[in-house]
Asker: 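Pasting in a structure now, in structure tokens, and then I'll have a few things to ask.
Heavy atoms only: backbone and side chains are in, while hydrogens, waters and symmetry mates are out. Everything quoted here is computed from the prediction, not taken from an experiment. We name chains A, B, ... by the order of the sequence lines, and we start the count at 1 in each one.
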Amino acid sequence: MPTEVNIFCGKIPHLIIFLRNKQALRLFSSSSTDSSTIANLVAKQHWSKLKTHLQNTNPKALLHQLLTSEADSELTLRYLTWSQKEFKLSHSLELTFRTLHSLACAKKYSKIRSFLDNFVKNEKNYSVSSIFHAISVGGDSFCANSIIVDMLVLAYVKNLKTHLGYEAFRRAGDYGFKLSVISCNPLLSALVKELEISKMEVVYKEMIKRRIGPSLISFNVVINGLCKAGKLNKASDVIEDMKVWGVSPNVITYNTLIDGYCKMGKIGKMYKADATLKEMVANGICPNEVTFNILIDGFCKDGNVSAAMKVFAEMQSQGLKPNVVTYNSLINGLCCDGKFGEATVLWDQMIGLGLKPNVITYNSLINGFCKNKMVVEASDSFNDMPKQGIAHNVTTYNILIDGYCKAGRIEDAFAVRITMMGRGICPNVSTYNCLIAGLCRKGDVEAAWNLMDEMVGKDLRADVVTYNILIDSLCSKGESRKAMRLLDEMSRKGLKPSHVTYNSLMDGYCNEGNLRAALNVRTRMEKGGKQANVVTYNVLIKGFCRKGRLEDANKLLNEMLEKGLVPNRMTYEIVREEMIEKGFIPDIEGHLFNV
DNA sequence: CTAGGGTTAG
């Protein structure tokens, strides 16, 4: 008995409080007038009065009381939220979700939504599994629980906790709760934004399995995700899935697919893009300005600005008006090619149409100047921006910094960094990457490492590109083994090595004459889910040629073509210098080398 | 909650 304990310990005041509490509780639970008084105080939000009433009561017991009584669920929630703040106590998950359950039964969904929104923001300590346990024991209506879980997933996703949203989605399946597209579509979309494509595929497959009828938007998001991952075949298969579900593709579906083909690094990609366009028209879907913009940008990035100009003309003949995006793609394409005269014509044309160049238009122009070693012109355009009422953004500064670095003017590049900070623009990872690359090119790896340390202090984390720069720098100095250690370090930090990472390492080993090590890197790359690309083949072909293994180089060349990869200028140069000049005629279709 | 344009690494 507590009474005895208290007497033994001589803690008389505690004993008194204990008895008063007990008495108050008993009074409260036996008297209905008291219950309605409390409810009334909660309803009117008379918190200070309620606090006086509660002096002798256990706040947790009151919540329990409200839940078991006929109290209005909204009042219970109001009390729950207030008492959490007031007494700094966290009610058990079970009571919390019982409250939400009663709200769901009363169809007060917006209350649940806002509660869960705060809940996932603040309650960092609860695991998804403990929440699911609380939900399943806290309420008996399967339907109400499903709605709560649906809103929980949505709350996680909206608060940028996609991984938790994904976990909740999976657990919902284990518990058999039925989710809806209201939470699944934002989840799919968030997974695509974070490039978590394999997780996205899991969600998509589960949606079909659990009969959460995917909507047009679900399909479009999934197609976009698969395109971003380069899985174009799977993306076309989704179109077939749509037919099964009786959902018709719309202009966005086709545009997404066309863009996917445009950005794919394979032979005949623009042909496939064009074929998809024809298929779209055959299915009665009319191309819009976005369709044309995608094709124009695709041709520009393919190094075929004249084809882009033809599409541009076609777009206008179909009565579609070019917009800023159209002009930006074309101006960017022309500037990268150094065709500033033609770019200027388009620039004036867009202004004549009443379209205003924006920060991206300027960035394209400045980038073109920088890439063509015209730093003075770049700087002039940069200075023109504020006069035209266009603010520089972090990308503008990064382009200029990179331009100065590549022109060998590192000091000027660092000066630009000072300027941007003075104007309240924070350097980001790319800013540091440009500078680090500049220092590496100069051979000052010491300073590059110091900059990397500085990033940590500014709450910036080195990314894949940072590591790629350092790895490549080490490899080109013949320190491939050191570079391999960086590969391990980036994996430890959860960064996924890219094609560039592996290709630099292979190049490093090839230049050291260590083909075996280079091939081991390729194996590791494939285990990491990356297939050899054009650069991989170029590196390896060159490596084999240098060792005089022309037959093996030839095999690689054929393998690359069989995979539909497009040989680039580098491929031709390697083959010409290393194979043809040594009297070896590559056993591949000759027309490919007529460039 | 769905599609298009600009920077850094091979």
Asker: Between B:dA9, B:dG10, B:dC1, spot the one nearest the side chain of A:Asn468, thanks.
Answerer: B:dA9
Asker: Could you tell me whether A:Val192 contacts a base, only the sugar-phosphate backbone, or nothing, with contacts defined as non-hydrogen atoms closer than 4.0 Å?
Answerer: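 A:Val192: no heavy atom of the nucleic acid under 4.0 Å.
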Asker: Quick check for you: among B:dT7, B:dA9, B:dA3, whose closest atom lies nearest to any side-chain atom of A:Thr395?
Answerer: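 Side chain of A:Thr395 sits closest to B:dT7.
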Asker: Nearest of B:dA3, B:dC1, B:dG6 to any side-chain atom of A:Thr256?
Answerer: B:dA3
Asker: In this structure, how many angstroms lie between the C1' atom of B:dA3 and the CZ atom of A:Phe292, rounded?
Answerer: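 The answer, rounded to whole Å, is 15 Å.
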Asker: Tell me what A:Val157 touches on the nucleic acid: a base, only sugar-phosphate, or nothing, going by heavy atoms under 4.0 Å.
Answerer: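 No contact.
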Asker: Can you confirm if the aromatic rings of A:Phe340 and A:Trp347 lie within a centre distance of less than 6.0 Å?
Answerer: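 No.
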Asker: To the nearest Å, how far apart are A:Ile360 CD1 and B:dT7 P?
Answerer: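 After rounding, the gap between these two atoms is 10 Å.
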Asker: Would you give me the side-chain donor-acceptor pairs under 3.5 Å for residues 299-311 of chain A, sequence neighbours excluded?
Answerer:
{"unit_1": "A:Lys301", "atom_1": "NZ", "unit_2": "A:Asp297", "atom_2": "OD1", "d": "3.2"}
{"unit_1": "A:Lys301", "atom_1": "NZ", "unit_2": "A:Asp297", "atom_2": "OD2", "d": "3.0"}
{"unit_1": "A:Asn304", "atom_1": "OD1", "unit_2": "A:Ser306", "atom_2": "OG", "d": "3.2"}
{"unit_1": "A:Asn304", "atom_1": "OD1", "unit_2": "A:Ala307", "atom_2": "N", "d": "3.1"}

Asker: For A:Ser364, which contact category applies under a 4.0 Å heavy-atom criterion: base, sugar-phosphate, or nothing?
Answerer: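 Sugar-phosphate: the residue A:Ser364, judged by heavy atoms under 4.0 Å, touches backbone atoms but no base.
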Asker: Please give, in whole Å, the distance from B:dA3 P to A:Leu232 CG?
Answerer: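 Value for this atom pair: 17 Å.
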Asker: If I take atom NZ in residue A:Lys193 and atom P in nucleotide B:dT2, what distance separates them, rounded to the nearest angstrom?
Answerer: 5 Å
Asker: Check step by step if salt bridge (Lys or Arg N to Asp or Glu O under 4.0 Å) holds for A:Arg522 and A:Glu559.
Answerer: CA-CA 14 Å; A:Arg522 181 180 171 175; A:Glu559 190 184 306; 3.0 Å; yes
Asker: Checking side-chain hydrogen bond (donor to acceptor under 3.5 Å, both in side chains) between A:Asn503 and each of A:Asn533, A:Asn468, A:Asn538, which is the one that passes?
Answerer: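 Checked A:Asn533, A:Asn468, A:Asn538 against A:Asn503; only one passes side-chain hydrogen bond (donor to acceptor under 3.5 Å, both in side chains): A:Asn533.
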Asker: Give the rounded distance in Å between these two atoms: CG of A:Asn220 and C1' of B:dA3.
Answerer: 8 Å
Asker: Closest approach to the side chain of A:Asn533, judged atom by atom: which nucleotide of B:dG10, B:dA9, B:dG6 is it?
Answerer: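 Ranking B:dG10, B:dA9, B:dG6 by closest atom to the A:Asn533 side chain puts B:dG10 first.
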Asker: Is the A:Tyr166 to A:Tyr156 ring centre distance short of 6.0 Å?
Answerer: no
Asker: Measure the distance from NZ on A:Lys477 to P on B:dA9 and round it to the nearest whole Å.
Answerer: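 Roughly 18 Å, once rounded to whole Å.
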Asker: Closest approach to the side chain of A:His499, judged atom by atom: which nucleotide of B:dG10, B:dT2, B:dG6 is it?
Answerer: B:dG10
Asker: Does A:Val221 reach a base, just sugar-phosphate, or nothing at all? Heavy atoms under 4.0 Å.
Answerer: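 The residue A:Val221 makes sugar-phosphate contact but no base contact.
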Asker: Going by number, which of residues 501-512 of chain A have a non-hydrogen atom under 4.0 Å from DNA chain B?
Answerer: A:Asn503, A:Ser504
Asker: Not counting sequence neighbours, which residues clear side chain to side chain donor-acceptor pair (under 3.5 Å) with A:Arg113? List them please.
Answerer: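 For A:Arg113, no residue satisfies side chain to side chain donor-acceptor pair (under 3.5 Å) once neighbours in sequence are set aside.
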Asker: Where the side chain of A:Lys371 is defined as all heavy atoms beyond and including C-beta, which of B:dA9, B:dG6, B:dT8 is the nearest nucleotide?
Answerer: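 Nearest to the side-chain atoms of A:Lys371, counting from C-beta on, is B:dT8.
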Asker: When the distance from CG of A:Asp472 to C1' of B:dG10 is rounded to whole Å, what number comes out?
Answerer: 6 Å
Asker: Side chain of A:Asn393: nearest nucleotide among B:dG10, B:dT8, B:dG6?
Answerer: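 For A:Asn393, the side-chain atoms sit closest to B:dG6.
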Asker: NZ of A:Lys406 versus C1' of B:dT7: gap in Å, rounded?
Answerer: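 It is 9 Å, rounded to the nearest whole Å.
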Asker: Is NZ or CZ of A:Lys269 both nearer than 6.0 Å to the six-membered ring centre of A:Tyr261 and within 45° of the ring axis?
Answerer: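 Output no; distance or angle outside limits.
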Asker: Where the side chain of A:Asn224 is defined as all heavy atoms beyond and including C-beta, which of B:dT2, B:dG6, B:dT8 is the nearest nucleotide?
Answerer: B:dT2
Asker: Using the ring of A:Phe169 (Phe, Tyr or Trp, six-membered ring only), decide whether A:Arg210 places NZ or CZ under 6.0 Å from its centre and within 45 degrees of its axis.
Answerer: yes
Asker: Regarding A:Thr253, tell me which of base, sugar-phosphate or nothing describes its non-hydrogen contacts under 4.0 Å with the strands shown.
Answerer: nothing
Asker: Side chain of A:Lys158: nearest nucleotide among B:dA9, B:dG6, B:dC1?
Answerer: B:dC1
